[in-house]
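Below is one structure, written out as structure tokens; comments come after it.
Only a predicted model underlies this, so the values are computations on that prediction, with no experimental measurement involved.
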Amino acid sequence: NYSWIWKEINSHEPYFDEIEIGIKEGTRKIKVSQQEKVDFVFMKKVLKSVAPKHTAILKELAKIQLASGKPNSSLGTFEYVNLKEWKQICFGTAFIVTKDSEFDSMFKELCDHHMVQRIDDTSVGITYVCIPT
């Protein structure tokens, strides 16, 4: 009595988006009231699957954001942090990474999975980052 259902999930989509699309468009749709609970459960699963160094640099970004104050209601998230400041902390104070390329590849992966958002201010050449809420 198996219910085998073929469902195509594109691997180029971030993991959380793939799962969310599968839930919302799948044969077993959930109620809107349960969506927040499901979002939290899947976010926990994604965070548990993150590599230790990725987790460490995320924790450093979270510390910087929390130290900056309370959430910015106009942005819908905490204040954005200068990428260079975050990178410097991961290199110097926390000793998490030792090479620019290592940090850059981890940063790219976190952005690809929507665990970190970035905004580029081209007028001054600064990149700002934050963990979305």
Side-chain angles (χ1 to χ4, degrees):
N1 294 346
Y2 293 105
S3 176
W4 297 100
I5 299 172
W6 174 263
K7 184 191 293 185
E8 185 176 328
I9 296 180
N10 298 321
S11 61
H12 66 273
E13 295 290 331
Y15 173 78
F16 183 72
D17 291 346
E18 290 177 5
I19 299 300
E20 188 174 40
I21 289 169
I23 289 172
K24 288 181 179 175
E25 297 175 1
T27 56
R28 297 179 183 182
K29 293 183 182 179
I30 64 168
K31 295 178 183 176
V32 176
S33 61
Q34 295 174 324
Q35 184 63 42
E36 188 173 307
K37 183 179 178 183
V38 171
D39 287 349
F40 178 71
V41 168
F42 283 112
M43 187 56 72
K44 278 178 42 180
K45 285 184 181 181
V46 170
L47 288 173
K48 283 182 182 179
S49 70
V50 174
K53 280 192 173 187
H54 290 69
T55 303
I57 66 171
L58 271 175
K59 282 182 183 177
E60 291 304 321
L61 179 56
K63 286 178 190 176
I64 298 168
Q65 283 185 255
L66 289 172
S68 72
K70 49 187 172 177
N72 184 331
S73 58
S74 64
L75 294 173
T77 184
F78 277 86
E79 294 289 335
Y80 279 75
V81 175
N82 186 326
L83 175 63
K84 287 183 181 179
E85 178 187 345
W86 178 36
K87 195 176 199 177
Q88 185 60 40
I89 289 172
C90 291
F91 274 98
T93 311
F95 299 111
I96 300 167
V97 291
T98 56
K99 299 178 186 173
D100 274 337
S101 59
E102 183 181 14
F103 180 87
D104 293 341
S105 67
M106 288 192 285
F107 173 61
K108 184 180 181 325
E109 287 178 44
L110 293 171
C111 287
D112 288 347
H113 290 287
H114 298 268
M115 298 179 90
V116 173
Q117 291 178 342
R118 79 183 279 169
I119 294 177
D120 295 313
D121 187 350
T122 54
S123 64
V124 289
I126 298 176
T127 300
Y128 296 100
V129 294
C130 80
I131 298 171
T133 54

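Of the residues listed (Ile89, Val81, Leu83), the one engaging Leu61 in a side chain to side chain contact (heavy atoms under 4.5 Å, CB included) is Val81, and it is the only one.
Side chain to side chain, Thr122 and Asp120 fail the donor-acceptor criterion of an N or O pair below 3.5 Å.
For the atom pair NZ of Lys63 and OG of Ser68, the computed distance is 14.5 Å after rounding to the nearest 0.5 Å. Here Leu58 contributes atom CG and Gln65 contributes atom CD; the two are 9.5 Å apart, rounded to the nearest 0.5 Å. With values rounded to the nearest 0.5 angstrom, Trp86 atom CH2 is found 8.0 Å from Ile64 atom CD1.
Of all heavy-atom pairs spanning Pro132 and Met115, the tightest one is CD-O, 3.3 Å.
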Going by atom type alone, with no hydrogens or angles, which donor-acceptor pairs under 3.5 Å involve a side-chain atom of residues 103-111 and a protein atom two or more places apart or on another chain?
| unit_1 | atom_1 | unit_2 | atom_2 | d |
| --- | --- | --- | --- | --- |
| Asp104 | OD1 | Lys87 | NZ | 3.2 |
| Ser105 | OG | Ser101 | O | 3.4 |
| Ser105 | OG | Glu102 | O | 3.0 |
| Lys108 | NZ | Asp112 | OD2 | 3.1 |
| Glu109 | OE1 | His54 | NE2 | 3.1 |

